[in-house]
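Whatever order the structure lists ligands and atoms in, that order sets their numbers, starting from 1.
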Amino acid sequence: MTEVLEPIPNGRRNFLTLLTTGAITGATLGALYPVVNYFIPPNKGGGSGGVFARSRDGKEILASKLLADEPAGTRVISQGLTVNSGTATYIVIDDDKKIANFGLNAVCPHLGCVVPWDGGIGKFKCPCHGSTYDKDGGLVRGPSPRPLALTKAAVKDDKIEFSPWTEKDFRKTDLYSDPNPWWT
Ligand code: FES
């Protein structure tokens with residue numbers, strides 16, 4: 001006599017399918033994790049989401065040397081945090097010859113040119129389409145629709161640490177005065 005197999009009840013079948021799918025998904029995710037991780041660039045140090053400012057040749061900038069070499073009120077470009085798709089960040093040396101608690105991302109919010117500092121007029125002027133920013137990166141002339149992005153800056157063991165600026169934007173000009181940071 002042929003043995004007739006009992007059909008698996010629907011509920012049990014669904015449960016078995018779920019178990020198998022779960023196991024396969026788990027194994028796939030487990031295998032993918034190190035691959036995905038491999039492509040995420042490592043944090044370059046500084047802790048708490050911060051990075052230390054570096055010169056063009058990749059060396060860490062020392063605050064004491066910078067202050068000895070540069071005049072009060074200037075802005076010095078460095079490699080900093082990636083904000084607005086670029087790492088070029090100005091260190092702000094204030095009028096009292098101290099390093100300010102904010103840095104300025106140098107990428108023009110119009111179409112992405114790096115904006116040079118013009119010490120003669122005390123402003124940032126974009127060579128691409130003429131957007132102009134005051135000494136704190138506030139927008140004073142378009143076509144850029146926004147000011148330069150801010151980062152926090154702090155001196156630690158003579159190095160300059162940049163970290164994300166998520167607080168209100170303190171700059172106000174006739175063209176732009178929204179206190180919410182547009183770059184977060
Ligand atoms: S990219 Fe700076 S004004 Fe256009």
Side-chain angles (χ1 to χ4, degrees), residues 39-46 48-63 65-67 69-155 159-184:
F39 287 102
I40 298 174
N43 187 347
K44 292 200 197 71
S48 62
V51 298
F52 291 121
R54 289 175 185 272
S55 58
R56 285 174 212 263
D57 56 5
K59 295 203 181 93
E60 270 168 1
I61 294 175
L62 298 181
K65 181 159 186 342
L66 191 73
L67 292 173
D69 292 349
E70 299 290 343
T74 197
R75 309 298 187 246
V76 181
I77 200 149
S78 70
Q79 295 181 50
L81 277 183
T82 302
V83 182
N84 192 21
S85 309
T87 59
T89 309
Y90 283 99
I91 299 166
V92 175
I93 300 180
D94 66 20
D95 294 342
D96 299 329
K97 224 169 188 235
K98 293 202 183 69
I99 290 173
N101 66 353
F102 67 93
L104 296 168
N105 181 269
V107 180
C108 187
H110 180 224
L111 290 176
C113 293
V114 170
V115 184
W117 165 247
D118 184 338
I121 57 169
K123 290 186 172 68
F124 296 92
K125 207 156 188 243
C126 186
C128 294
H129 314 97
S131 292
T132 309
Y133 307 87
D134 66 20
K135 64 186 175 56
D136 295 335
L139 180 66
V140 292
R141 188 183 147 185
S144 173
R146 291 182 286 268
L148 298 180
L150 291 165
T151 63
K152 281 195 210 163
V155 177
K159 293 183 276 190
I160 302 158
E161 186 188 48
F162 292 124
S163 54
W165 183 290
T166 52
E167 290 86 7
K168 299 280 181 214
D169 187 338
F170 59 87
R171 301 154 310 169
K172 286 186 178 29
T173 64
D174 291 345
L175 288 188
Y176 190 96
S177 57
D178 185 346
N180 299 308
W182 62 262
W183 54 89
T184 58

Problem set entry | ring-ring contact (aromatic ring centres under 6.0 Å, His included) between Trp165 and Phe170, intermediate numbers included | CA-CA 11 Å; Trp165 183 290; Phe170 59 87; 5.8 Å; yes
Exercise. Considering residues at least two apart in sequence or located in another chain, which fulfil the salt bridge (charged side-chain N to carboxylate O under 4.0 Å, His left out) criterion with Glu167?
Worked result: Lys152
Exercise. Under 2.8 Å from atom 4 (Fe) of ligand 1, protein N/O/S atom count?
Worked result: 2
Seminar exercise, completed: For residues 69-100, the ring-ring contact (aromatic ring centres under 6.0 Å, His included) pairs (sequence neighbours left out) are Tyr90-Phe124
Exercise. Got a sec, which pairs hit disulfide (SG to SG under 2.5 Å) with one end in residues 86-124, sequence neighbours left out?
Worked result: Cys113-Cys128
For this session: Could you tell me how the ring of His110 sits relative to the ring of His129: parallel (under 30°), tilted (30 to 60°) or perpendicular (over 60°)?
Result: perpendicular
For this session: Inspect the contact between Arg75 and Asp136 and indicate whether a charged nitrogen and a carboxylate oxygen are less than 4.0 angstrom apart.
Result: yes
